[in-house]
Structures are given as structure tokens and as C-alpha cells.
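Here's the structure we're looking at; comments come further down.
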Amino acid sequence: MTGGLDVHAAVAKFDRGSVTEAESAAEDEQKQVLARFPLEEWAELPLNATPSGRESRPGRGRRANRS
């Protein structure tokens, strides 16, 4: 590898304890989304259903207006 950290060295250097708060917050968010949108119902969800509770508008997403 050139100009960067080897993946094995990065894994050895990683401190899992440094991300426990972020991991916990992500797990809490996942539980909230799954409570609101159970996996069993995903196939029937309308396309405009969003976790924020607002209807999405065409052309307003992150991918809109990309050239």
C-alpha cells in the first residue's frame, strides 16, 4: 500500500471504546426507525414514506440536480 495506513495496521490501532457512544446512538436510532417502520411492512410502504414523518418531494433529495 502506498501513502496510507495498511488495513491490518488500522484494525490493530482502532480503539473500539472510542466509538461506544456513537454506536449506542446508532442502535437507538435503528430501534426508533424499526418501531415506526416494521420490517414486515417495508414491502407495502408507500414510496413517499420517510423516517422524518414528512412526505418527500420529487427532486428534493440528495441526488437531485446532479450533473
Side-chain angles (χ1 to χ4, degrees):
M1 174 167 195
T2 59
L5 193 60
D6 173 55
V7 69
H8 297 288
V11 169
K13 194 175 186 179
F14 180 69
D15 174 18
R16 185 159 174 89
S18 69
V19 295
T20 55
E21 188 175 320
E23 182 181 16
S24 178
E27 288 173 354
D28 289 344
E29 184 176 355
Q30 179 187 25
K31 288 175 187 172
Q32 291 171 12
V33 169
L34 290 175
R36 191 150 179 219
F37 300 99
L39 287 175
E40 303 80 32
E41 298 175 10
W42 283 22
E44 289 83 31
L45 282 175
L47 293 176
N48 64 347
T50 63
S52 67
R54 300 182 301 235
E55 285 191 18
S56 61
R57 292 184 239 153
R60 304 290 283 190
R62 281 190 266 168
R63 296 182 184 208
N65 300 325
R66 283 197 177 176
S67 307

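In terms of heavy-atom proximity, F37 sits nearest to W42 at O-NE1, 2.7 Å. Smallest separation of non-hydrogen atoms from T20 and G17: OG1-O, 3.4 Å.
Heavy-atom neighbours of E21 CD from other residues, nucleotides or ligands within 6.0 Å: at or below the threshold of 12.
Grouping the Ile, Leu, Val, Met, Phe, Trp and Tyr side chains by contacts below 4.5 angstrom, directly or via other members, places V7 apart from F14.
The distance from atom CD of E40 to atom CG of L34, rounded to the nearest 0.5 Å, is 9.0 Å.
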